[in-house]
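I have placed the structure first, in the form of C-alpha cells, so that the comments after it can refer back to it.
Counting starts at 1 for both ligands and their atoms, following the listed order.
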Amino acid sequence: MRTNGIHANLSSDFVLRKFAGENESNNMKKLLVANWKLNPQTLNEAKKLFKEVSNFKIHDPRFELVICPPFSYLSSIVSHKSSVIGHRSLVKLGAQDVFWEDKGAYTGEVSAAMLKNLGVEYVIIGHSERRRWLNETDEMINKKVLTTLKAGLKVILCAGEPLNIRRKGLVAAKRFVKNQLQNDLKNVSSFKFQVPRLIVAYEPIWAIGTGRPDKPEQTAEMAKFIKDVLGAMFHVSRFPEAEPRRKASFQRGKQVRYPEGETAFSYGAGGAGKFQVLYGGSVNSGNAEMFLEKKEIDGALIGGASVKPKEFGKIIKIAQRLS
Ligand code: PGA
C-alpha cells in the first residue's frame, strides 16, 4: 500500500486503506469532465451523444470520464447508460449544479441527495456562467460545496479570474483565485473525510468559449499554486518539503496524530498527487495534449468540444495516451 493520503484522525485501518487506495488511483489517471451546459436540445440527441462519447471509453480504466448533462436528461441517461454500455461502465455521471438544502419550499431546485439517488457521482459547482448569469455568490457556492461533500458526492469547484485581473499578470490572478478558494471552501476543513472528493477546475473566465485558451505553462503554474493553497488550507504536507518527523512517519506508512488534532496528507514530490486540479477554457483536440501532458494538470473540464463526438473522441485518445 502506498502511504500517501494518510488521515491522522482515522482509527480504522480499513478506512485508512480504502482512503489511500482512492488517492492512489487519482494520482495516475487524467480526468476528463464533459460539461454539456444547455445542450443538446432534445432527449434523443442527448442519448445519441452519450452513446457516441461512451463508446470511446467503455472498459478502459486508464483515465476517468465524467459526463455532465443538463438536469432534465440525467435520469433518462442513467437508464440509457445501463442499456447501451452496461451497469459496469466506467463512464461516470455528473450534474452541472446543485442546491444547498435537502428539501423544502425551494421552487426549481435539486438537492445533492436527489442527485446521489439517481447515480450521479460528481457535481460542478461555481461555474463562472452561473456566477455571471445567476448571480451566484461565493457564499452560495460555499453552501453548495458543503452540502455536496456531506452527501458523499465529488465536487468540481470552478475558480478563475476575469480578463481585467489577468491583464495585471499571473500574480494578480493567483491572488484572485486564492481568495475565491478561501471563500468557496470555508468550513470544509471540518469535513476531513471529504477532502479527497474535492476537485478544482481552474477556468480563467476570458478563456471559456472564446477559442483563446490559457498558455499551458501558466496553467501548470496556477495548478501548482492551487495545490499549494489547498495544501495550506487542509494541512497537507508535500514531499520533500515536509518536516522530517512527518516525512519519516509517511515513509513508514503510519498514521500521524498532530497535537492540534489536524489531518495530514502527502501529495507527492511531483505535485501530481493529492488534489486534482483540472484546466477548463477552450480545450480542443488541437491543444489538449499541451495541457494534459503537464504533470501539474490532472485533467480538463471541457464545454464546447464535449458535445462534438468526433472532436471529443480525439481528446479522449490523448487522455488515454497520457494517463
Ligand atoms: P469551453 O467551456 O470548453 O467551451 O471553453 C469550458 C467550461 O465552461 O467549462
Side-chain angles (χ1 to χ4, degrees), residues 30-41 45-46 49-50 53 56 63-71 73-74 92-98 120-136 141 144-145 148 154-163 165-166 173 176-177 180-181 184 198-216 218-219 222-223 226 276-292 294 297-319:
K30 296 285 177 184
L31 170 63
L32 292 185
V33 182
N35 178 10
W36 286 4
K37 307 191 182 186
L38 191 55
N39 299 295
Q41 269 61 66
E45 287 173 274
L49 177 60
F50 183 82
V53 170
F56 294 114
F63 72 108
E64 300 273 354
L65 175 60
V66 179
I67 297 183
C68 305
F71 280 142
Y73 300 146
L74 271 173
K92 313 273 188 197
L93 276 178
Q96 299 175 19
D97 185 35
V98 66
V120 165
E121 293 179 53
Y122 292 76
V123 184
I124 297 173
I125 298 179
H127 193 284
S128 60
E129 285 154 9
R130 295 197 61 83
R131 294 180 194 253
R132 178 175 180 197
W133 300 112
L134 284 302
N135 289 331
E136 275 198 14
I141 289 161
K144 292 181 178 194
V145 168
T148 305
K154 295 192 182 181
V155 165
I156 301 165
L157 172 66
C158 300
E161 77 290 347
L163 187 58
I165 299 286
R166 184 55 172 262
F176 185 95
V177 168
Q180 261 184 340
L181 294 176
D184 296 347
L198 177 65
I199 298 155
V200 172
Y202 170 59
E203 298 213 312
I205 298 171
W206 46 270
I208 297 175
T210 58
R212 286 189 289 124
D214 195 13
K215 292 194 173 70
Q218 302 211 330
T219 305
M222 181 63 93
I226 290 171
Q276 281 179 293
V277 176
L278 315 180
Y279 168 70
S282 298
V283 173
N284 60 34
S285 63
N287 60 35
E289 177 151 8
M290 291 185 280
F291 290 100
L292 294 177
K294 301 264 182 250
I297 303 171
D298 303 296
L301 177 52
I302 303 167
S306 76
V307 289
K308 297 178 193 144
K310 273 197 190 134
E311 178 68 359
F312 198 53
K314 288 182 194 163
I315 300 175
I316 286 176
K317 289 222 167 66
I318 293 166

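Closest to atom 3 (O) of ligand 1 among all protein heavy atoms lies Gly303 N, 2.9 Å.
Residue contact check: Gly209 has heavy atoms under 4.0 Å from atoms 1 (P), 4 (O), 5 (O) of ligand 1. Those atoms of ligand 1 that come under 4.0 Å of a heavy atom in Glu203, given as number and element, are 6 (C), 7 (C), 8 (O), 9 (O). The contact set between ligand 1 and His127, taken as ligand atoms under 4.0 Å from a residue heavy atom, comprises 7 (C), 8 (O), 9 (O). Close approach to Gly281 involves these atoms of ligand 1, each under 4.0 Å from a residue heavy atom: 5 (O). Distances below 4.0 Å separate heavy atoms of Asn35 from the following atoms of ligand 1: 9 (O).
Around atom NZ of Lys308, no more than 12 heavy atoms belonging to other residues, nucleotides or ligands sit under 6.0 Å away.
Of the N or O atoms in Lys37, one or more lie within a sub-3.5 Å distance of an N or O in ligand 1. Considering backbone and side-chain N/O atoms, Ala305 never comes within less than 3.5 Å of an N/O atom of ligand 1.
Both the backbone and the side chain of Ile208 come within 4.0 Å of ligand 1, judged by heavy-atom distances.
Of all heavy-atom pairs between Tyr202 and Gly160, the closest is CE1-CA, 4.1 Å.
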Going through the distances and angles, do Lys144 and Glu136 end up as a side chain to side chain contact (heavy atoms under 4.5 Å, CB included)?
CA-CA 11 Å; Lys144 292 181 178 194; Glu136 275 198 14; 2.6 Å; yes
Please evaluate residues Leu38 and Gln96 with respect to the criterion side chain to side chain contact (heavy atoms under 4.5 Å, CB included), reporting the C-alpha separation (whole Å), side-chain torsions for both, the decisive distance (0.1 Å), and the verdict.
CA-CA 10 Å; Leu38 191 55; Gln96 299 175 19; over 6 Å; no
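The aromatic rings of Phe50 and Trp36 lie perpendicular to each other, with more than 60° between the two planes, well past the 30° mark.
Put simply, the residue from Asp298, Ile199, Leu65 that forms a side chain to side chain contact (heavy atoms under 4.5 Å, CB included) with Leu31 is Ile199.
With Gly304, Ala201, Pro204 as candidates, the residue nearest to atom 4 (O) of ligand 1 on a non-hydrogen basis is Gly304.
When atom types are taken as modelled, the side chain of Tyr279 and the backbone of Gly281 share a donor-acceptor pair closer than 3.5 angstrom.
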